[in-house]
Amino acid sequence: MDFPWLTTVITLPIVAALLVPLLPDKDGRTVRWFALTVGLIDFALIVYAFCNYYDFGNPDLQLVESYTWIEQIDLKWSVGADGLSMPLILLTGFITTLAILAAWPVTLKPKLFYFLILSMYGAQIAVFAVQDMLLFFLVWELELIPVYLLLSIWGGKKRLYAATKFILYTAGGSLFILVCALAMAFYGDTVTFDMSALAAKPYTHNLQLLLYGGFLVAYAVKLPIFPLHTWLPDAHGEATAPVHMLLAGILLKMGGYALIRMNAGMLPDAHATFAPILVILGVVNIVYAALTSFAQRNLKRKIAYSSISHMGFVLIGIGSFTDLGMSGAVLQMVSHGLIGASLFFLVGATYDRTHTLMLDEMGGVGQQMPKIFSMFTACSLASLALPGMSGFVAELTVFIGFSTSDAYSLPFKVLVVFLAAVGVILTPVYLLSMLREIFYGPENKELTSHEVLIDAEPREVFIIGCLLVPIIGIGFYPKILTEVYDSTTSKLTARLRDAVPTLANQRADRAIAVAPLTAPAIDGR
Amino acid sequence: MEPIYEYAWAIPVLPLLGATAVGLGLISFNQATNRLRQANAVFIMSTLGAAMVMSLALLWSQIGGHDAFVRSIEWAAAGDFKLTMGYTIDRLSSLMMVIVTTVALLVMLYTDGYMAHDPGYVRFYAYLSLFSSSMLGLVVSPNLVQIYIFWELVGMCSYLLIGFWFDRKPAADACQKAFVTNRVGDFGLLLGMLALYWCTGSFEFDVMGDRLHDLVASGALSAGLATLFCVLVFLGPVAKSAQFPLHVWLPDAMEGPTPISALIHAATMVAAGVFLVARMLPVFEGLPMVMDVIAWTGAFTAFLGATIAITQNDIKKSLAYSTISQLGYMVMALGVGAYSAGLFHLMTHAYFKAMLFLGSGSVIHGMEAVVGHEPVLAQDMRLMGGLRKYMPVTSATFLIGTLAICGIPPFAGFWSKDEILGLAFQANPALWLVGWLTAGITAFYMFRMYFSTFEGEFRGNDETIRQKLLAEAMVPVTVEVPAFGPGAMDPKELDHGDHHHAHEPHESPWTMVVPLMVLAVPSMAIGLLGMPWNNSFEHFLEPETVAHHGEQAFEWAEFLIMAGNSVGIALIGITLASLTYLRDKIDPAAIAEKLGPIYRFSLKKWYFDELYDTVFVRGSRRLARQVMEVDFRIVDGAVNLTGFVTLVSGEGLKYFENGRAQFYALIVFGAVLGLVVLSGIS
């Protein structure tokens, strides 16, 4: 057995979090340096482990570790990473470390704050890494509690309402995970919680549909999908900037990840039935949330709805039955993780100066804060999918992937692509009018008379710079990221296509014609 | 010549490096970078200069008959799908690169004078360089996706530059309008691109065209559908080249600094739409319906632009509508299949319109010395007049540009416009008629502009006109604008004198005048490349066609009739303009009074802005608000209602657990009774 890399990167922040209360610290300065150091070390470990021990060409789980935990119920601590989880683990390390840096000015109960952030760090990585269904449920729950506390202690005026709503929604969703996990585990002759073993079980079609529906509810809350999205604007509206970055950057991705890993990966037959629904929900997400965002006057809620809108592309990609669409879905998750985090950070930075989130009370602040203005512009342009930035590549691949998909009829594709493209017009409408209302125009004397608008400090420029580097890097040359997970998503798509009778036949036809080029058929079903 | 082709990727990359370096400097060492004003400008101009030299060398090699050169790398991949990016150097792209780099370099030189006192001087250069890079990337694109990428990037640069003076409300509105309108076009382009990829499986122009025609010919794809796809793609150029009905953004885009109007909104970016149509011509050609749509869109836009330009009083807006009109000519040319004629007009127009815009900038710069930095005053032709005396070089070059755009031989515009009109006549006399009428209107409004700006008496000190203009624009009269803006004066200059301002405008500094003089050369002479009896331009762009059809017999009689017609109507237009605005024989106000509704229709730009505002802007706002209400009251309302019901039912149910056994028995009895009744019914 090699060095347990994944276990280390999961446990290190959690152990460090437990040490936080013991630190001799009065004003919170030592704690934040401690948290930042832990974050950096952990991120470095992640990068090192993936650079040296991860093979991009291999579509299967790597860095696998498995230890029996409770033998009676076959609960195992088993972790591993494949192309799906690896980019998200990297993203988690990256965003959380930056969030710690973003939390520099937090003065209220710093020890508790950093304790929660660090324990979230570990729990989030665990969500993407664990390969045991019961364990997955546990870490999924584990990450909820810090978020609840972070919202309810450091939030805005309506923080208790928002936090309660968040916990009720997500805990309610998790129940579905638990029920479905148990149902899957006890189905058939053997009792197991191992994900690959569960995926191989021959469920009846109806049971698959039920399980799929159950998981969908749970992950729809998290992603979020219309109509289960209303916790998100409240939670985002009340959270502080670092919590924001985590919510938008990572928590939403857990929904997308689990949707691909469990719904699509374990229940491919049901996916064939549900995929059109996912696509329709995706389109609804894009257009509905974009319109709502346009009408919002509260800055945080506006960006929150824009997140919901962007997640629609993930759904369309998952439902596309093409390599390209699936690849675009993963790309969109990573890309939105970066862009969403940067936008929310900037919203926080702007709020710190203007002390208002209402667009009507701002205006013309660009003159005194040119740096924040330019960074906000750059991130908004990234969010509206400007080429040269990651969002564009993700949306373009989803578009091409879906429009070339052979699983849907032409009218359906035309309708979906058309409506999704309407979102392409709506996004600049709300993002640019937001920019205009905050920064452009003559200075708002009422605001400037009682607020001191200082420009961005180097720390803030550094954080945005760190986020923009991968955003632009992926935008310029997307292969640096897509290569990482391409083998995994291709394998997954092949399996999904096998579940659709018409597509499976096509594949068989093609296999005869160009036999050496096709991947070996996946058996086990 | 091979190595220069190998390194041709440097042409778009060099200006990008310049922009990145200066941009990083601005973000990290803002004050130091801003202090090195001209050093930045020189650095950025030298990177672009290097790109220009390379472009010229490539053009020379292409003229020498070098084969087209394509180089590409795999850019994105997923499963079996591969998407490549790269560059292609052929006759068209080498020509476009030379146009872009030369105009951009001259505009950068001009900027030094125009923006000399603006606090955003360095930022402006960074944006200019970024734009040049994106535009060069666009013209070397070997496939549709790459064009789309750079297409959006030039749109972004245009957004940033229109909103350059972001503290002005009109600029803030204009930049958003430009971006969103262009996104509407891009929406069509994206859909069309996806649809064409779906049926042809390629993003390369030639492959796409061949396969599409095969599909249509074999009946696998109905011609109607193919037409629809192509028209969707054409929506992109409609927005970018400001064609009807998406032309509304371009006049507003004049809120940006004048060098931008010259570079982006006259010479290069707006021509990108024409360029894309030219690139897509292999796809469009086989579909007559598409070609008709393109030709008529162009013709109608040419007419629309000219009819609006005729009544505008803002010198830049008037030029903007003239640009719309001239772009219409180019699009019409491509629509009738006149590939080289359309591109020839693109080239001549790029030079003379850039010069006209820079000239208008020079005029504004001079006017600001008199009226201050209020665009409402400095750009209005009603306050100008007699400037020839004060600004000799500007007026001379402006006259050359005016003659060129009116189509007076031997200036550049004559040859290109005449070629378009001739070919349009062969295709459809109705198109020719529209183009011919437009040529007359063009001559009228251009000379109206020239006469009221440079001839007659200087009216800049007339307080009554000033008050009237300010009242029309609803600007508070006592506005005290700081030294900020185009050609903002040196504070020292403001100190002396009792009136803050000079009484007479002055000629602009040499950095602004030299580009004007340089641009005057191609405006006069470049048309000679396309003389119909020796059309070296067409030889260069379409050697295959020329070789295939053989040298088309040139007929003097035909040429003289066509040319005579267009020169004739131009002369009529000029005569009318001189009678009205130079000799005061005709009173324009009286005519405007008499033709009230028509005059207002033109002055209000055919009411497009009002219409779009009501239908799209307010409509979308209303829809968005309604959706938000639904979200808040119904979707979220249901959630809160659930919470409320749980609370209430919990409160209510606790009264049932009161510990009295009789009550429990009663409930049990009631339940049993209910069950019995229920089972009895069913």
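Labels below follow one simple rule: chain letters A, B, ... track the order of the sequence lines, proteins then strands, and each chain is numbered from 1.
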Is B:E152 salt-bridged to B:R183, cutoff N-O under 4.0 Å? yes
Largest heavy-atom contact set with chain B, pairs under 4.5 Å, which of A:D323, A:V414, A:L426, A:T489: A:D323
Name the region of A:E443, side chain, backbone, both or neither, that has any atom closer than 4.5 Å to a heavy atom of chain B. neither
Would you say the side-chain atoms of B:Y612 and B:T181 include a donor-acceptor pair closer than 3.5 Å? no
I'd like to know which of A:S487, A:S490, A:P478, A:S433 tops the heavy-atom pair count under 4.5 Å against chain B. A:P478
With A:F402 as reference, evaluate A:Y408, A:F418, A:F321 under the ring-ring contact (aromatic ring centres under 6.0 Å, His included) test and give the passing residue. A:Y408
Basic-acidic side-chain contact under 4.0 Å: A:D455, A:K371: no
Check each atom of B:I634 against the heavy atoms of chain A and say whether the ones under 4.5 Å are side chain, backbone, both or neither. neither
CA sep, side-chain torsions, deciding dist, call: B:L138, B:S134, side chain to side chain contact (heavy atoms under 4.5 Å, CB included): CA-CA 6 Å; B:L138 193 152; B:S134 328; over 6 Å; no
Examine whether an atom of A:V461 lies under 4.5 Å from a heavy atom of chain B, and if so say whether it belongs to the side chain, the backbone or both; otherwise answer neither. side chain
Chain A contact via B:C175 - side chain, backbone, both or neither, heavy atoms under 4.5 Å: side chain
Donor on one side chain, acceptor on other, B:D631 and A:H229, under 3.5 Å: yes
Quick check on the interface: out of A:A456, A:G441, A:G465, A:S293, who has the most heavy-atom pairs with chain B under 4.5 Å? A:G441
By a 4.5 Å heavy-atom criterion (distance strictly below it), what part of A:I400 contacts chain B: side chain, backbone, both, or neither? both
May I ask you to establish whether A:K479 and B:W75 are in a cation-pi arrangement, using a distance under 6.0 Å from NZ or CZ to the six-membered ring centre and at most 45° from the ring axis? no
Which portion of A:S327 sits near chain B, non-hydrogen atoms under 4.5 angstrom: side chain
Interface residue of largest heavy-atom contact number with chain B, from A:G475, A:A289, A:S403, under 4.5 Å: A:S403
Would you check if the distance from the ring center of A:Y305 to the ring center of A:F294 is below 6.0 Å? no
Quick one: what part of B:L191 sits under 4.5 Å from any heavy atom of chain A, side chain, backbone, both or neither? side chain
Interface moiety of A:V422 toward chain B, non-hydrogen atoms closer than 4.5 Å: both
For residues A:F166 and A:W231, establish whether the separation of their ring centroids is below 6.0 Å. yes
Given heavy-atom pairs under 4.5 angstrom as the criterion, report whether the side chain, backbone, both or neither of A:Y161 touches chain B. side chain
Chain B interface, residue from A:T292, A:L324, A:T404 that has the most non-hydrogen pairs under 4.5 Å: A:L324
Within a reach of under 6.0 Å around CZ of B:F81, are more than 12 heavy atoms found that belong to other residues, nucleotides or ligands? yes
Most contact-rich option vs chain A, by heavy-atom pairs under 4.5 angstrom, among B:Y148, B:W151, B:Y159, is B:Y159
Heavy-atom proximity to chain B below 4.5 Å, by part of A:L396: side chain
Under 4.5 Å from a heavy atom of chain A, the part of B:I149 involved: both
Is chain A contacted by the side chain of B:D186, its backbone, both, or neither, given a heavy-atom distance below 4.5 Å? neither
Counting heavy-atom pairs under 4.5 angstrom with chain A, the leader among B:I73, B:V630, B:L153 is B:L153
Under the criterion ring-ring contact (aromatic ring centres under 6.0 Å, His included), which of B:F131, B:Y121, B:F124 is the partner of B:F164? B:F124
Using a cut-off of under 4.5 Å on heavy-atom pairs, state which of A:T164, A:T493, A:L410 scores highest against chain B. A:L410
Which portion of A:F392 sits near chain B, non-hydrogen atoms under 4.5 angstrom: side chain
How about B:T200 and B:S202: does a side-chain donor come under 3.5 Å of a side-chain acceptor? no
Quick one: what part of B:Q626 sits under 4.5 Å from any heavy atom of chain A, side chain, backbone, both or neither? neither
Options B:R123, B:R625, B:E74, B:K169, ranked by heavy-atom pairs under 4.5 Å with chain A, top entry: B:E74
Can you tell me which portion of A:L384 sits under 4.5 Å from chain B's heavy atoms? Options are side chain, backbone, both or neither. both
Does any heavy atom of chain B fall under 4.5 Å from the side chain of A:T482, the backbone, both, or neither of them? side chain
Counting only heavy atoms closer than 4.5 Å, note whether A:Y485 contacts chain B via side chain, backbone, both or neither. neither
More than 12 heavy atoms of other groups within 6.0 Å of A:F462 CZ: no
As a test of understanding, state which of B:L246, B:L189, B:L190, B:V184 forms a side-chain contact (heavy atoms from CB on, under 4.5 Å) with B:L235. B:L246
Is B:M193 in contact with chain A via its backbone, its side chain, both, or neither, using a 4.5 Å heavy-atom distance? side chain
Quick check, are the ring centers of A:F439 and A:F376 under 6.0 angstrom apart? yes
Winner by heavy-atom pair count (cut-off under 4.5 Å) against chain A, out of B:W198, B:F632, B:F150: B:W198
Evaluate the salt bridge (charged side-chain N to carboxylate O under 4.0 Å, His left out) criterion for residues B:E255 and B:K177: first the C-alpha distance (whole Å), next the side-chain angles of each, then the deciding distance (0.1 Å), finally the verdict. CA-CA 12 Å; B:E255 292 298 334; B:K177 184 171 174 184; over 6 Å; no
Region of A:T377 that comes under 4.5 Å of a non-hydrogen atom in chain B: side chain
